[in-house]
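We use all heavy atoms of the structure for the numbers below, so side chains are in, but hydrogens, waters and symmetry mates are not. Starting from 1, each residue takes its place in the sequence as its number.
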Amino acid sequence: MAKSSAVKLIANNKKAYHDYFIDEKFEAGISLHGTEVKSLRMGKCSIKEAFVTINNGEVLINHMHISPYEKGNIFNRDPLRTRKLLLHKYEINRLAGQVKMKGYTIMPLKVYFKGSLVKVEIGLARGKKLYDKRQDIAKKDAKREAARDFKIRNLG
C-alpha cells in the first residue's frame, strides 16, 4: 500500500518572512511523543516564537508550542519542551557552517503533515533592516493597488 504524499499545513510562520530574508529551505522530520501527534492532528501548534539551534551535531527546535492533548492525562509532555529535528549529517554540517561563518540564523517556517509524518520546514535566514521591511510593504501595497485597478477596469 503506497503512502499518500498529501500535505496538510498545521502551522505557518508569517513573521519569519517579514523579519528575515530566507535564502535556503530544508525539510526536517521531528521527534515527537504520541499525545503530541494527536494534538498536531487537531491543529494545536504555534511556531511564532520558535527558533532552531545546533548543539553537538543535533538540530533542536526551541519554544515550539504544542498544546497538551485533552484526553492525554499523564502521557502529556511539556508544551514548550525542546524537540529534536531529524536531518542528514551533511545538511546539519552545512547549516552549522553557514550559521558560524556568515551570521545566518535558522528559522522554522511551517509545520505540516506529509502523508502520516510530521515535517518542519526550516529556512536559512538573514535579518532584514527596517528599510528592507518598508520596501516589502511598499511592493505589497503596489501589487494590491494594481490588482484593484485591474479588477475595476475589467468590470466596467
Over all atoms of both residues, closest heavy-atom pair of [X] and [Y]:
| X | Y | answer |
| --- | --- | --- |
| I66 | C45 | CG1-SG, 4.3 Å |
| P108 | I122 | CA-CG2, 4.1 Å |
| N12 | L109 | OD1-O, 3.2 Å |
| M107 | N13 | CE-ND2, 4.2 Å |
| F113 | V37 | CZ-O, 4.3 Å |
| A16 | I22 | O-CD1, 4.3 Å |

Minimum side-chain heavy-atom gap E36-M64 below 4.5 Å: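 Heavy-atom side-chain distance check fails, nothing below 4.5 Å.
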Beyond-backbone contact of I30 with L86, side-chain heavy atoms, under 4.5 angstrom: no
R148 bridged to E145 by N-O distance under 4.0 Å: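 Yes, this pair counts.
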Just how far is it from atom [atom1] of [X] to atom [atom2] of [Y], taken to the nearest 0.5 Å?
| X | Y | atom1 | atom2 | result |
| --- | --- | --- | --- | --- |
| S39 | H65 | OG | NE2 | 8.5 Å |
| E24 | E91 | CD | CD | 9.0 Å |
| E58 | I92 | CD | CD1 | 8.0 Å |
| R83 | L85 | CZ | CG | 10.0 Å |
| L60 | I54 | CG | CD1 | 9.0 Å |
| K84 | T82 | NZ | OG1 | 13.0 Å |

Positive for side-chain hydrogen bond (donor to acceptor under 3.5 Å, both in side chains) with Y112, one of E121, K119, E27: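 Exactly one option meets the side-chain hydrogen bond (donor to acceptor under 3.5 Å, both in side chains) with Y112, and it is E27.
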Other residues, nucleotides, ligands: >12 heavy atoms within 6.0 Å of K48 NZ: no
Test log, rule side-chain contact (heavy atoms from CB on, under 4.5 Å), inputs V120 and I47: CA-CA 10 Å; V120 179; I47 56 172; over 6 Å; no
For residues [X] and [Y]: do they belong to one hydrophobic cluster (side chain heavy atoms under 4.5 Å, members Ile, Leu, Val, Met, Phe, Trp, Tyr)?
| X | Y | result |
| --- | --- | --- |
| V111 | L32 | yes |
| V99 | F26 | yes |
| V7 | L9 | yes |
| Y104 | Y20 | no |

From CA spacing to verdict: side-chain contact (heavy atoms from CB on, under 4.5 Å), I106, L124: CA-CA 5 Å; I106 308 168; L124 201 56; 4.3 Å; yes
